[in-house]
Structures are given as structure tokens and as C-alpha cells.
Amino acid sequence: DNPTVTHTVTSSLSMPLSINSLTPTICLPGAPTPSPTLSVLSITTKLLKAGTCTLEAFALGDATTNPSPRVTQSFTVNPKVMIKQELTWDEPVGVKEGDSPFDLYLSSSAGLPVKVTSNSPSVCQFFDPLRPSWVSILGSGTCSISARVDGTDKYFEATGSASFYVEPKPVVSTKPTTAPKTPTPSA
């Protein structure tokens, strides 16, 4: 969505007017809105990027009147103001191998969607596209993640990384138990 600026162009010849951009990569005039006399135009120019916008206007002339001299007008288009995004998340504690999937509550200060990937797929993964910040624990060790939010015309792209430790499953002894031996009487 590009910003616009509106201009009014007037001709003393009472002839139809034409306006165009000499810098079409910076600014583009839209369709003019003529007045009933055709000698006054209101035109909205779309600003595409920073730089110097130069517009050219002239009266077209007709069978009895020559076209007017071409007149140019320039103005500066300032760069868009961009806002930095911040990424936040809830750092989990006490995570154990075998825990159910849980939400890391990844978010962008701009409210834009956060894309997250695992840098340690044997420990953790993000499987649910409908819940992209829900992590599934697959093993023990350090779960390292990378997060990214795309930029827009208003916000810069944001990236970040984080990690948390996943404790191993508790080891359960599988050693068989034996009944205590009864002493045998000696003879």
C-alpha cells in the first residue's frame, strides 16, 4: 500500500491537460479528475519509493491552438518509516523427554505470524501448522529453535533464536526381584 499525494494543475488556455511522470520508478500519477472546463485537473500521484519525483504537465492544444510548453515540478519523496519488530516467547522450565506438546507462545510485537523451526530435530520439532508455536518433545538434550517474522511495508523482518533443556526420561530399573532365601537348617 503506497502513500499518495494530490496535485491540482491549471491551464490558462482552457484546454485539456496532460500530466505524466518523468521518474516512473519513484512516482506515478493516476487518472486525472477533470473539472467541467477541462483546464483544471486534480490528480493523485502514487509514491513508490524514496527519491525525487518529477511530474510534467502541459495543455494538449487543438486544431487552432498549439500545445502549451511543458512544465515540470519536482518534489522529494522521503523514505518510509519502518518499525522494528521484537520477538518474545515463554521459556519453558522442567521439560522432560516424553512430555506432551506445549505452546511456547511465540509472538511478534507487530502481531504478525511467527515462523519457527527446530535446529535440533532429534530433541524437538514443530509439527502442527495450525498451532505453529507448539513444540513436540522427541528426545533429551538442548532444544534449539530459530524464529522469523516476515517484514512488511511498515515493519522490518525480525529473526531470533532460543533454546531450553529437555531432561531425559527417568530410568526405571528392570532388575528382577528375588524372594529372600530361607536359611537351611544344618544337620
Nearest heavy-atom pair of [X] and [Y]: which atoms, and what distance?
| X | Y | result |
| --- | --- | --- |
| P29 | I43 | CB-CD1, 3.7 Å |
| A59 | S68 | N-OG, 2.7 Å |
| G141 | V123 | O-CG1, 3.9 Å |
| L60 | S18 | CD2-CB, 3.6 Å |
| G151 | Q85 | CA-NE2, 4.4 Å |
| C143 | S120 | CA-OG, 3.3 Å |

| Any donor-acceptor pair under 3.5 Å from S21 side chain to L28 backbone | no
| Between S118 (side chain) and C124 (backbone), is there a donor-acceptor pair under 3.5 Å? |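 Judged by distance alone, yes, a pair lies under 3.5 Å.
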Any chain of hydrophobic side-chain contacts (each under 4.5 Å) joining [X] to [Y]?
| X | Y | answer |
| --- | --- | --- |
| V149 | I83 | yes |
| I26 | F75 | yes |
| W134 | V166 | no |
| L138 | V135 | no |

Side chains of [X] and [Y] in contact at under 4.5 Å (non-hydrogen atoms):
| X | Y | value |
| --- | --- | --- |
| L106 | T88 | no |
| T72 | L55 | no |
| F58 | P69 | no |
| Y165 | V95 | no |
| I145 | F126 | yes |

| field | From N78, T4, V5, residue fulfilling side-chain contact (heavy atoms from CB on, under 4.5 Å) relative to L47 | value | V5
| query | So T152 and L112, side chain to side chain contact (heavy atoms under 4.5 Å, CB included) or not? Walk me through it. | reply | CA-CA 9 Å; T152 66; L112 297 171; 3.7 Å; yes
Indicate whether the side chain of [X] and that of [Y] have a donor and an acceptor atom separated by less than 3.5 Å.
| X | Y | result |
| --- | --- | --- |
| S136 | Q125 | no |
| T142 | S163 | no |
| H7 | S42 | no |

| Salt-bridge contact K169-E97 (side-chain N to carboxylate O under 4.0 Å) | no
| Does the side chain to side chain contact (heavy atoms under 4.5 Å, CB included) test come out yes or no for T117 and K115, once each step is laid out? | CA-CA 7 Å; T117 55; K115 297 172 185 160; over 6 Å; no
| Intermediate values then yes/no, side chain to side chain contact (heavy atoms under 4.5 Å, CB included), V114 and W89 | CA-CA 11 Å; V114 178; W89 71 305; over 6 Å; no
| request: Check whether more than 12 heavy atoms from other residues, nucleotides or ligands sit under 6.0 Å from atom CD of E157, and answer yes or no. | output: yes
From [atom1] ([X]) to [atom2] ([Y]), nearest 0.5 Å:
| X | Y | atom1 | atom2 | value |
| --- | --- | --- | --- | --- |
| T23 | K49 | OG1 | NZ | 10.0 Å |
| L22 | S74 | CG | OG | 8.0 Å |
| I19 | R70 | CD1 | CZ | 12.0 Å |

| Verdict with reasoning, L104 to F164, per side chain to side chain contact (heavy atoms under 4.5 Å, CB included) | CA-CA 11 Å; L104 292 176; F164 59 92; 4.1 Å; yes
